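Here the structure is laid out as structure tokens; the discussion comes afterwards.
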Protein chains: 2
Amino acid sequence: MAIDKSLLTGSTTMLILKLLDETNMYGYQMIEELRKKSNNAFELKAGTLYPLLHTLEQKNMLTSYEETADNARVRKYYSITKNGRKQLKEKKEEWKAYTAAVNGVLGGASFATA
Amino acid sequence: MAIDKSLLTGSTTMLILKLLDETNMYGYQMIEELRKKSNNAFELKAGTLYPLLHTLEQKNMLTSYEETADNARVRKYYSITKNGRKQLKEKKEEWKAYTAAVNGVLGGASFATA
DNA sequence: TATAATATATAGATTATCTATATATGTCAA
DNA sequence: TTGACATATATAGATAATCTATATATTATA
């Protein structure tokens with residue numbers, strides 16, 4: 001099922017930081033990984049991702065370096081910083097509070113965990 | 001905890017429809033109800049709500065009528081339509097898919113239920 | 001050799017919020 | 001009684017996070 005795009009707003013940064021918390025990646029790879037891990041629910045657009053990566057680097061959440069792949073193609077890898085991990089932690093807490101609040105209104109049991 | 005405002009994007013319509021699926025309400029009341037049901041996490045602004053209500057009415061998801069309260073104050077009540085309930089159902093499914101996808105990326109078990 | 005996939009990038013449009021402001025009535029305390 | 005605050009609705013304009021469209025260049029495949 002396709003996800004309403006507007007729902008994605010605000011969580012993209014968290015998802016990117018989470019990917020990079022596991023391993024360094026280049027932009028195109030992040031798009032593929034998000035697609036796979038979400039069962040095709042997320043199709044982050046290049047036009048969204050690259051400007052966002054630049055912004056996160058400016059905010060000292062990421063650093064970048066270039067690396068040449070086996071096929072001689074140059075890729076720009078991103079690495080999460082200490083500050084990035086701190087932001088990730090905060091954003092995960094916000095995410096939990098947010099989903100708990102929405103689910104609370106929806107009437108079901110809250111899915112939030114401590 | 002205050003919710004990152006950008007996270008709210010896209011779910012406001014669903015929350016309003018859900019409130020009205022339970023009982024008819026007027027705008028100011030919706031703001032109060034959302035605040036209470038979310039444990040102060042959501043503080044929907046009047047400047048967001050009223051234009052949204054007008055839009056939902058134009059899209060035949062809601063109808064409205066005026067009613068005079070005990071204190072002689074006139075309130076504009078909203079009622080959900082059949083189409084509104086249909087939209088609510090769809091939006092709830094999207095919400096489940098979305099949270100399942102995010103939680104999937106975050107690495108925990110998916111909270112999505114069928 | 002053309003087409004699709006890989007890879008990064010920017011400009012401009014869209015859209016859902018927000019803040020600020022306006023108007024008007026009801027309630028309560030000084 | 002009057003000033004402040006809560007109730008109640010409304011609109012204009014600002015902000016921010018997406019999107020689409022476009023550009024460029026290389027690699028893989030048919």
Side-chain angles (χ1 to χ4, degrees), chain A residues 2-17 24-36 41-59 61-62 64-78 91 94-95 98 102, chain B residues 2-17 24-36 41-59 61-62 64-78 91 94-95 98 102:
Chain A
I3 298 283
D4 181 350
K5 286 154 192 169
S6 68
L7 283 174
L8 202 57
T9 309
S11 52
T12 305
T13 294
M14 175 179 69
L15 295 173
I16 295 303
L17 290 175
N24 294 354
M25 285 191 193
Y26 55 97
Y28 194 87
Q29 186 182 9
M30 296 176 205
I31 292 171
E32 294 296 295
E33 279 295 308
L34 271 185
R35 199 174 50 68
K36 282 183 212 160
F42 294 146
E43 290 189 32
L44 184 59
K45 300 301 155 63
T48 305
L49 178 61
Y50 292 109
L52 177 58
L53 289 174
H54 303 158
T55 302
L56 296 180
E57 190 170 16
Q58 275 169 39
K59 291 181 180 169
M61 295 190 221
L62 307 180
S64 67
Y65 57 95
E66 298 207 332
E67 207 170 280
T68 304
D70 292 343
N71 55 15
R73 191 190 281 280
V74 176
R75 291 163 173 165
K76 194 169 174 184
Y77 280 81
Y78 287 87
K91 283 181 178 298
E94 276 177 23
W95 167 249
Y98 168 61
V102 170
Chain B
I3 299 282
D4 181 350
K5 284 155 193 168
S6 68
L7 283 176
L8 202 57
T9 308
S11 53
T12 304
T13 293
M14 175 179 70
L15 295 174
I16 294 304
L17 290 176
N24 293 354
M25 284 190 191
Y26 55 97
Y28 195 86
Q29 188 182 7
M30 297 177 206
I31 291 171
E32 293 296 295
E33 277 297 307
L34 271 184
R35 198 174 49 69
K36 281 183 211 160
F42 294 146
E43 291 189 30
L44 184 59
K45 299 303 155 59
T48 304
L49 178 62
Y50 292 110
L52 177 57
L53 289 174
H54 304 158
T55 302
L56 296 180
E57 190 169 17
Q58 276 168 39
K59 291 182 180 170
M61 294 191 222
L62 307 178
S64 67
Y65 56 95
E66 298 207 329
E67 207 171 279
T68 305
D70 291 342
N71 56 13
R73 192 189 281 280
V74 177
R75 291 163 174 166
K76 193 168 174 186
Y77 280 81
Y78 287 88
K91 283 181 179 299
E94 275 177 25
W95 167 251
Y98 169 61
V102 170

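Numbers restart at 1 for each chain; the letters A, B, ... are given by sequence-line order, proteins then strands. Heavy-atom basis, side chains included; hydrogens, waters and symmetry copies ignored. Everything numeric in this text was worked out from a predicted model, so none of it was measured.
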Exercise for the section: Give one of base, sugar-phosphate or nothing for B:R75, where a contact means two heavy atoms less than 4.0 Å apart. Expected result: sugar-phosphate

Practice task
Tell me what A:G27 touches on the nucleic acid: a base, only sugar-phosphate, or nothing, going by heavy atoms under 4.0 Å.
Solution key: sugar-phosphate

Exercise for the section: Would you please confirm or rule out a distance under 4.0 Å between OP1 or OP2 of D:dT20 and any side-chain N or O of A:K45? Expected result: yes

Exercise for the section: May I ask you to evaluate whether B:T12 reaches the phosphate of C:dA16, defined as a side-chain N or O under 4.0 Å from OP1 or OP2? Expected result: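 Answer no for this pair, as no side-chain N or O of B:T12 is under 4.0 Å from OP1 or OP2.
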
Handout entry: 5' priority, DNA chain D, between B:G47 and B:Y26 [closest heavy atom]
Key = B:Y26

Round to a whole Å and report the spacing from [atom1] of [X] to [atom2] of [N].
X: A:Y28; N: D:dA28; atom1: OH; atom2: P; result: 13 Å
X: A:K91; N: D:dA17; atom1: NZ; atom2: P; result: 8 Å
X: B:K76; N: C:dT25; atom1: NZ; atom2: C1'; result: 18 Å
X: A:E43; N: D:dT18; atom1: CD; atom2: P; result: 16 Å
X: B:R35; N: D:dA6; atom1: CZ; atom2: P; result: 11 Å

Exercise for the section: Determine yes or no for a side-chain-to-main-chain donor-acceptor pair under 3.5 angstrom, with B:E57 supplying the side chain and B:S64 the backbone. Expected result: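 Such a contact is found between B:E57 side chain and B:S64 backbone.
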
Handout entry: Given D:dA10, D:dA8, C:dA9, the nucleotide with the shortest approach to the side chain of B:Y78
Key = D:dA10

Completion exercise
Of the listed D:dA6, D:dT9, C:dC18, the closest approach to the B:R73 side chain comes from D:dA6

Handout entry: Flag side-chain contact, heavy atom, 4.5 Å: A:Y78 against A:I16
Key =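 No. Closest side-chain heavy atoms not under 4.5 Å.
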
Handout entry: pair B:R75-B:E67: side-chain heavy atoms closer than 4.5 Å
Key =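 With C-beta onward as the side chain, the pair stays apart.
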
Practice task
Take the angle between the ring planes of A:F42 and B:Y98 and call it parallel below 30°, perpendicular above 60°, tilted in between.
Solution key: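 The rings of A:F42 and B:Y98 stand perpendicular, inter-plane angle above 60°.
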
Problem - Rounded distance [0.5 Å steps], CG in A:L52 versus NE2 in A:H54 - result: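 So the CG of A:L52 and the NE2 of A:H54 are separated by 9.5 Å.
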
Completion exercise
Contact check, residues 48-58 of chain A vs DNA chain C, heavy-atom distance under 4.0 Å, returns A:Y50, A:P51, A:H54

Exercise for the section: Begin from the C-alpha positions of B:Q29 and B:Y77 and carry the test side chain to side chain contact (heavy atoms under 4.5 Å, CB included) through to its verdict. Expected result: CA-CA 9 Å; B:Q29 188 182 7; B:Y77 280 81; 4.2 Å; yes

